[in-house]
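Working notes for the structure below.
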Amino acid sequence: MSIEHHPDDLMLAGFAAGTLDHGQHVAIATHLAACPKCRDFVRVLEQTGGAMLSRLPPAPMSSTAFEHIQSRLTEPMSPAPIALSPASVSESEIPGLPEFVRRYRFGKWIWVAPSVHMRPILLPHPSDTRVFLLRSGSGTKMLEHSHSGVEMTCVLSGAFRHEGGRFGPGDFDFGDDTVDHQPVVDDGQECICLVAMQGELRLNGLVGRLIQPFLRL
Amino acid sequence: MPDRNKEAARPADWEARIGAIAAHQDRTAFAALFEYFAPRIKTYMQRSGVNDVRAEELAQETMLAVWRKAALFDPASANAATWIFAIARNLRIDAYRRERRGQIGETSDVALEFHADEAPQPDASLASAQSDRRVRAALAALSAEQVRVIELSFFEEKAHSEIAKILGIPLGTVKSRMRLAMKRLRTLLEEQS
Ligand SMILES: [Zn+2]
């Protein structure tokens, strides 16, 4: 199964430069874990980052800078590895998540609508973007909603389709307030996506309005 | 710092110098790397919006990481400047996040998010060798002008008006040139695979 839908080039450049918001960074990294093409693309962009560094005008370091650093070179060569927290979600439980994301803390699965559940990913750093897993039963219409900001979706398992095409594992979908897609999950398998959502979520439809007050996405 | 390194410090030597640090903790090699890169990393940090003191600290931390991680450097996958850039970028991201959070209790390793300087995995060596080849070929085929516009807009985060001035092209051309550069890069990578 090949990946058909990739993040925009500019988003990948933002990723390589390290200027993306943390939540969006997670969404792009999730796509990259599945997509060798975009990984290559990011690697080339990183090389231009190296070229940029060589071209920057030097800013004088303080006169004691080198002495200072020399005194620290006797510290152990390989620093003690950072004690990373253990994975809270295993690869078999949620396939397709990058390892660093699996180490984050996850909230509980929350019922959102019939056959639709979400599970917040608790980012270790504040972000303007909320990140969560969205699990939708086979054949369901995914959460019908609009939003005031940008939304990035990366399929982890299963598939959905909307006017923009079919989205299977690894595929990346992008939406903003100008896009009004209504994704429908393929029959036969539930679909799990990682979603990074900026701005306020507005659920549409009767169910959405009913559950809105109870939902803190 | 011995002065003779100043003359010998040609870009082509950076990779060998990192190798010398990995092989025998070569302090002379480190001094040369420090002299060239630390002040440039400092500029990079300053431009990312931190004050001078912090920029200097981050430049020092980057160079210390270069010393410590030298054994992880793989010249086949990135040149020295790119590898050092990635370390600096990751420290900058980490610093930015910590600043927003105050002192954080959680540990995270930004490098893991990029897989930038991880030790190469033996089972993935063929795939990564092919990727190295594609990346090198694509880079070689991009025009200097195209690399420059990507550099300026994403890595130096210059406004389009500034880029227009630096490159001496009309403002309206900046965006299309950038898009074209990216598209060309996609095509080049496609051709290589
Ligand atoms: Zn891709």
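Lettering follows sequence order; numbering is per chain, from 1.
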Using a cut-off of under 4.5 Å for heavy-atom pairs, which of B/I84, B/L139, B/V147, B/D52 has the most such pairs with chain A? B/L139
Under 3.5 Å, side chain of B/R89 to main-chain N/O of A/A16, donor-acceptor pair present? yes
For residues A/P7 and B/R186, report the shortest heavy-atom separation together with the two atoms involved. O-NH2, 3.9 Å
Nearest heavy-atom contact between A/M61 and B/A59 is CE-CB, 3.9 Å
What part of A/L32 gets within 4.5 angstrom of chain B, counting heavy atoms only: side chain, backbone, both, or neither? neither
Looking at chain A, which one of B/R47, B/E61, B/R136 has the largest number of heavy-atom pairs inside 4.5 Å, strictly under? B/R47
Below 4.5 Å, heavy atoms only, C-beta onward: do B/Q60 and A/R72 meet side chain to side chain? no
Winner by heavy-atom pair count (cut-off under 4.5 Å) against chain A, out of B/M63, B/R148, B/E190, B/Q46: B/R148
Please check this pair: side chain of B/K42 against backbone of A/P60, looking for a donor-acceptor N/O pair closer than 3.5 Å. yes
Between B/M45, B/R27, B/R92, the one whose heavy-atom pairs under 4.5 Å with chain A are most numerous: B/R27
Which heavy atom of B/E113 sits nearest a heavy atom of A/F15, and at what distance? O-CZ, 3.9 Å
Who wins among A/A29, A/G50, A/G14 for the most heavy-atom pairs under 4.5 Å with chain B? A/G50
Nearest 0.5 Å please: distance from the CZ atom of A/F41 over to the CG atom of B/L185. 4.5 Å
Just by modelled atom types, is the A/A59 backbone N or O under 3.5 Å from a matching donor or acceptor in the B/T43 side chain? yes
For A/P57, is it the side chain, the backbone, both, or neither that has a heavy atom closer than 4.5 Å to a heavy atom of chain B? both
Got B/E35 and A/P58 here, is their nearest side-chain heavy-atom distance under 4.5 Å? no
Pairwise side-chain contact, A/L10 with B/R179, heavy-atom cut-off 4.5 Å (strictly under): yes
Take a 6.0 Å sphere around NZ of B/K158 and say whether it holds more than 12 heavy atoms from other residues, nucleotides or ligands. yes
Out of B/I41, B/N79, B/L64, which one racks up the most heavy-atom pairs below 4.5 Å with chain A? B/L64
Just checking, any donor-acceptor pair under 3.5 angstrom between side chains of B/T82 and A/Q47? yes
Report yes if some heavy atom in the side chain of B/Y44 is under 4.5 Å from a heavy atom in the side chain of A/M52; otherwise report no. yes
Are side-chain heavy atoms of A/L53 and B/F37 found at a separation under 4.5 Å? yes
Structural part of A/A33 lying under 4.5 Å from a heavy atom of chain B: neither
Is a side-chain N or O of A/R43 found less than 3.5 angstrom from the main chain of B/S77, in a donor-acceptor match? yes
Checking B/E157 against A/T19: is there a side-chain donor and acceptor pair closer than 3.5 Å? no
Are A/F66 and B/F30 side-chain neighbours, meaning at least one heavy-atom pair lies under 4.5 Å? yes
Heavy atoms, side chains only, cut-off 4.5 Å: are A/L45 and B/M182 in contact? yes
Looking only at side-chain N and O atoms, does B/R40 offer a donor or acceptor that is under 3.5 Å from a partner on A/S54? no
Could you tell me which non-hydrogen atom of A/V44 sits nearest to which non-hydrogen atom of B/A138, and how far apart they are? CG2-CB, 4.3 Å
Heavy-atom side-chain contact between B/E56 and A/H68 under 4.5 Å: no
Run the salt-bridge test on A/R55 and B/E156 with the 4.0 Å N-O cut-off and return the result as yes or no. no
Of A/Q70, A/R39, A/H6, A/E67, the largest count of non-hydrogen pairs under 4.5 angstrom with chain B goes to A/Q70
With a 4.0 Å cut-off on N to O distance, would you call B/R133 and A/D40 a salt bridge? no
Do the charged groups of A/D9 and B/K183 touch, with an N to O distance under 4.0 Å? no
